[in-house]
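Presented below is the structure to which this report refers.
All figures in this text were calculated on a predicted structure; none of them were measured in a lab. Whatever order the structure lists them in is the order used to number ligands and atoms, beginning at 1.
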Amino acid sequence: MKLTTLTFAAAMVAGTAMAEGVVAPQDVVMSEYGEVATSLTGKPGDPERGFEVYSKRSLGNCVACHEISTLDVAWPGNVGPMLDGAADRWSEAELRGIVVNSKKTFEGTVMPAYYRVDGFIRPGNAYTGKAADDSFGPLLTAEQVEDVIAFLSTLKE
Ligand code: HEC
């Protein structure tokens with residue numbers, strides 16, 4: 001029992017271990033049009049936690065660029081479109097694709113790709129002159145992506 005706990009803790013520290021059933025960023029299957037059809041965790045997200053991801057600066061910080069008229073958020077941003085009725089305009093698979101990697105749906109957008117770890121230009125390691133290692137993770141976890149999708153799915157007019 002003790003050993004199991006330790007092994008689990010070590011896996012958490014390594015940061016690369018994926019919970020069972022979770023799709024790693026490099027394994028996400030995206031359609032030609034930028035849709036991601038299947039849940040990254042294999043289960044539905046939680047819209048309340050998704051609101052946290054949406055509104056917290058340390059998480060998705062979507063409010064920095066987006067506004068939702070029914071939400072009372074101080075100083076929402078307006079770089080991105082209002083998200084009122086987003087679930088009427090986009091299917092769940094499209095919304096997931098936009099959050100995972102918005103660049104596929106909106107070429108050249110300033111919106112961050114929240115579940116992606118490759119395809120970026122990254123500063124090299126100044127000492128060795130080699131590319132920096134890619135050991136840091138995506139901006140959001142798979143679970144946080146699913147939670148924010150569940151939240152976006154409530155935005156119907
Ligand atoms: C740096 C600004 C920025 C941040 C942060 C940002 N977005 Fe966006 N988002 C945009 C822009 C700009 C667009 C419009 C696409 C384009 O033309 O570039 C957009 C488009 C969208 C769309 C499609 C909107 C529609 O109604 O058609 C959705 C949905 C969306 N974003 C969700 C999110 C979510 C969820 C987050 C947080 C996890 C987020 N965005 C964070 C800038 C941002």
Legend entry - Per-residue contact class, L152 against ligand 1 - non-hydrogen pairs under 4.0 Å: side chain
Inset, instruction - Of the side chain and backbone of S102, name the one, both, or neither that has a heavy atom under 4.0 Å from an atom of ligand 1. - result: neither
Check whether any heavy atom of [X] sits under 4.0 Å from an atom of ligand 1.
| X | answer |
| --- | --- |
| W90 | yes |
| A64 | no |
| Y114 | yes |

List every atom of ligand 1 that sits less than 4.0 Å from any heavy atom of [X], numbering the atoms from 1 in the order shown and giving each element.
| X | value |
| --- | --- |
| G80 | 10 (C), 11 (C), 12 (C) |
| V79 | 12 (C) |
| L95 | 29 (C) |
| V110 | 1 (C), 12 (C) |

Inset, instruction - Looking only at non-hydrogen atoms, find the nearest pair between Q144 and L59 and report the distance. - result: NE2-CD2, 3.4 Å
Inset, instruction - For atom 26 (O) of ligand 1, grab the closest protein heavy atom and report residue, atom and distance to one decimal in Å. - result: R89 NH2, 2.5 Å
Inset, instruction - Specify the protein heavy atom at minimum distance from atom 3 (C) of ligand 1: its residue, its atom name, and the distance to 0.1 Å. - result: C65 SG, 2.7 Å
Inset, instruction - May I ask you to check if any N/O/S atom from H66 comes under 2.8 Å of atom 8 (Fe) of ligand 1? - result: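 Short answer: yes, at least one N, O or S atom is under the cut-off.
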Inset, instruction - Kindly identify the option in M82, R96, E94, M111 whose heavy atom sits closest to atom 39 (C) of ligand 1. - result: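 Considering heavy atoms of M82, R96, E94, M111, the nearest to atom 39 (C) of ligand 1 sits in M111.
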Inset, instruction - Return yes if some donor-acceptor pair links the side-chain N/O of H66 with the main-chain N/O of N78 below 3.5 Å, else return no. - result: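 No; judged by distance alone, with no hydrogens or angles, the pair does not exist.
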Inset, instruction - Indicate yes or no: does E32 engage K104 in a salt bridge with an N to O separation below 4.0 Å. - result: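 Judged by the 4.0 Å cut-off on N to carboxylate O distance, E32 and K104 do not form a salt bridge.
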Legend entry - Distance-only N or O hit between ligand 1 and T109, under 3.5 Å: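 Yes; at least one N/O pair falls below 3.5 Å.
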Inset, instruction - Mind telling me whether W90 and F106 have parallel, tilted or perpendicular rings, with 30° and 60° as the class edges? - result: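 The rings of F106 and W90 stand perpendicular, inter-plane angle above 60°.
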Legend entry - Positive for side-chain contact (heavy atoms from CB on, under 4.5 Å) with L40, one of V145, D27, I149, L140: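 Among the candidates, only V145 passes.
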Inset, instruction - State whether the number of non-hydrogen atoms from other residues, nucleotides or ligands found under 6.0 Å of E48 atom CD is greater than 12. - result: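 Count not over threshold, so no.
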Legend entry - Separation of S39 OG from E143 CD (nearest 0.5 Å): 10.0 Å
